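What follows is a single structure, written as structure tokens, with notes after it.
Reminder, nothing fancy here: chain letters follow the sequence lines and each chain counts from 1. Predicted, not measured: the structure shown is a model, and the values here were computed from it.
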Number of protein chains: 2
Amino acid sequence: MANLAISEKIAHCAPVDCGDCPIRHRAVCARCEADELELLEQIKYYRNFEAGQTVIWSGDQMDFVASVVSGIATLTQTMEDGRTQMVGLLLPSDFVGRPGRECATYDVVATTDMVMCCFRRKPFEQMMIRTPHIAQRLLEMTLDELDAAREWMLVLGRKTAREKIASLIAIIARRDAALAMQGMRGPLVFDLPLTREAMADYLGLTLETVSRQVSALKKDGVISLEGKRRVTIPDMGRLLEEAGDDSDGGMLA
Amino acid sequence: MANLAISEKIAHCAPVDCGDCPIRHRAVCARCEADELELLEQIKYYRNFEAGQTVIWSGDQMDFVASVVSGIATLTQTMEDGRTQMVGLLLPSDFVGRPGRECATYDVVATTDMVMCCFRRKPFEQMMIRTPHIAQRLLEMTLDELDAAREWMLVLGRKTAREKIASLIAIIARRDAALAMQGMRGPLVFDLPLTREAMADYLGLTLETVSRQVSALKKDGVISLEGKRRVTIPDMGRLLEEAGDDSDGGMLA
DNA sequence: TAAACTCCTTGACCCAGATCAACCCTTGGA
DNA sequence: TCCAAGGGTTGATCTGGGTCAAGGAGTTTA
């Protein structure tokens, strides 16, 4: 019985074989050939984190880089006086850390239980030089993140509180839909992986404003809520309108 | 005489030899060896733009990528209703365009006269595959830009108008100082390359607020102005305090 | 079974920054 | 020499979202 529990735990920690990995085709290793994967397999190790746990403190020595295998984490910047701004959301397949950099620049906090696939930094950097497939994929992912960051600058700089909330919900919904690949039609249903406070940190708002605007969107029928976290979106087009990015009628990226 | 004028113009357009290029050691080509540079030289061409000219319209077909050789441009996103947010400032050595992407995602507008070193996209993409030095450098530059974008998210999301202005001036000053490598001591002097409106677009403010806060910083002796554009910073540490990023006492990145 | 948390909601009030509007200064045609 | 246009300043007023404060609802500790 104890053994079973332990083996379950290990199974949870370590997909063991990269071939079975749920993020195999989206993470930094996506482009790797079988032989390259084998090399990576030799230097990888898994780490588990619990919801609420801080994975990395800004300023800390970073002796590893990693991919998020499952769960969600946030990337946060803090000012001396305590003001904070979330600058990224880390989802399965996202990459953490920067090759060539010694110290972490942001706090990384797990918002759900999380599994990360880690590589010691030095060996990984060595491998990057020899394995262009890794660097290629990392460039692609970094360019995507840069686009996302710039998109978010528009949200932070120019959108109203209501538009901000709608934008955040739309982004989470879209990504969720892309992952689950659930049927294109019908209302989307998913759980918000963030507390109201985390949403506020992401949007540059206070948690009170977040709460009010979520209530308002619910009252206006743009979303509906089951409990505090479970969201249903009856009409994605409507939500996108509220977010201020009309254009495409709800395409799933 | 006419010939002279033309040759001057050409000289301005084209450093001709990459060895003489002012951005040789900072642009995408920074890591290239002599032979790689020769290949790049064969596919490069120069383009001039005047202050105010739009270099690229968002949504346009992009059949080239480029490095900024001299001058300054802005990267801007626009919403349907006309709200705009600047998402990047393009300075000498910065890279424009994304390998593998057909269409521009942002408007690029020259704010000063500008020279760009362009490469047709397809040949450049081919070269990237064969020349890891280019991809390596591009990855590095993209990671830097991502950091800058995230830094800016903090500015947009959490700083007050006064802090925003101070942050912008500090960034421009720092970069200017790094370029000019002028003596570390003594007050910094430089020209703001942006109109009040452009500053507002960058900071997510209105131009009136920008004007007021610039005046306030001047009145408080944080900066002094000669005309509308020429700025003197008597004490960089003080400026950084006003920007809300105390920490380092005015280090020039 | 309550006490102590954490997370969330709602109300009352206030203020930083937006909006609207008038005006200044410089530059460059005609 | 004037006038038109682009950039900048400044004042008066309004308002979205922040701040402060009270309380609800669910969940863990004891």
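Considering only side-chain atoms of B:A161, the nucleotide from D:dT19, C:dG17, D:dG8 that sits closest is C:dG17. Taking every side-chain heavy atom of B:K228 into account, D:dT9 is the closest of D:dT9, C:dG17, D:dG11. Distance from the side chain of B:Q213 is smallest to C:dG17 among C:dG17, D:dT19, D:dG8. The side chain of A:T195 lies closest to C:dC8 when the candidates are C:dC8, D:dT19, C:dA18.
Residue contacts shown for A:G204 are limited to sugar-phosphate atoms, with no base heavy atom under 4.0 Å away. Within 4.0 Å of B:T206, counting heavy atoms only, lies at least one base atom of the nucleic acid.
Counting to the nearest Å, the P atom of C:dC8 and the CG atom of A:L192 are 9 Å from each other. A straight line from CG of B:L207 to C1' of D:dG6 spans 12 Å, rounded to a whole angstrom. When the P atom of D:dT9 is taken as reference, atom CG of B:L217 falls 12 Å away, rounded to whole Å. Rounded to an integer number of Å, the gap from CZ of A:R212 to C1' of D:dA22 is 13 Å. The CZ atom of B:R83 sits 13 Å away from the P atom of C:dA18 (whole-angstrom rounding). Put simply, NZ on B:K164 is 12 Å from C1' on C:dA18, counting in whole angstrom units. For the pair A:D201 CG and D:dG18 P, the computed distance is 12 Å after rounding to whole Å. Per the geometry, CG belonging to B:L205 stands 14 Å off C1' belonging to C:dT19, to the nearest Å.
Side-chain N/O atoms of A:R162 and base N/O atoms of D:dG16 include no donor-acceptor pair closer than 3.5 Å. Side-chain atoms of A:E208 come within donor-acceptor range of the base of D:dC20, with a qualifying N/O pair under 3.5 Å. With hydrogens and angles left out, the side chain of B:R229 and the base of C:dT26 share no donor-acceptor pair within 3.5 Å.
Here the closest heavy-atom approach between residue B:A27 and residue B:M141 is recorded as C-SD, 3.9 Å. What you find for A:P193 and A:I72 is that their closest heavy atoms are CB-CD1, 3.3 Å.
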**Report entry** Chi angles and distances behind the salt bridge (charged side-chain N to carboxylate O under 4.0 Å, His left out) call for B:R238, B:D220
**Finding:** CA-CA 11 Å; B:R238 174 80 195 288; B:D220 297 345; 5.5 Å; no

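A residue-by-residue look at A:R158 and A:S211 shows that A:S211 has its nearest nucleotide of DNA chain C further toward the 5' end.
The existence of a salt bridge linking B:D81 and A:R158 is excluded, since no basic side-chain nitrogen approaches an acidic carboxylate oxygen closer than 4.0 Å.
Annotation for B:E208: atom CD counts as buried by contact number, over 12 foreign heavy atoms lying within 6.0 Å.
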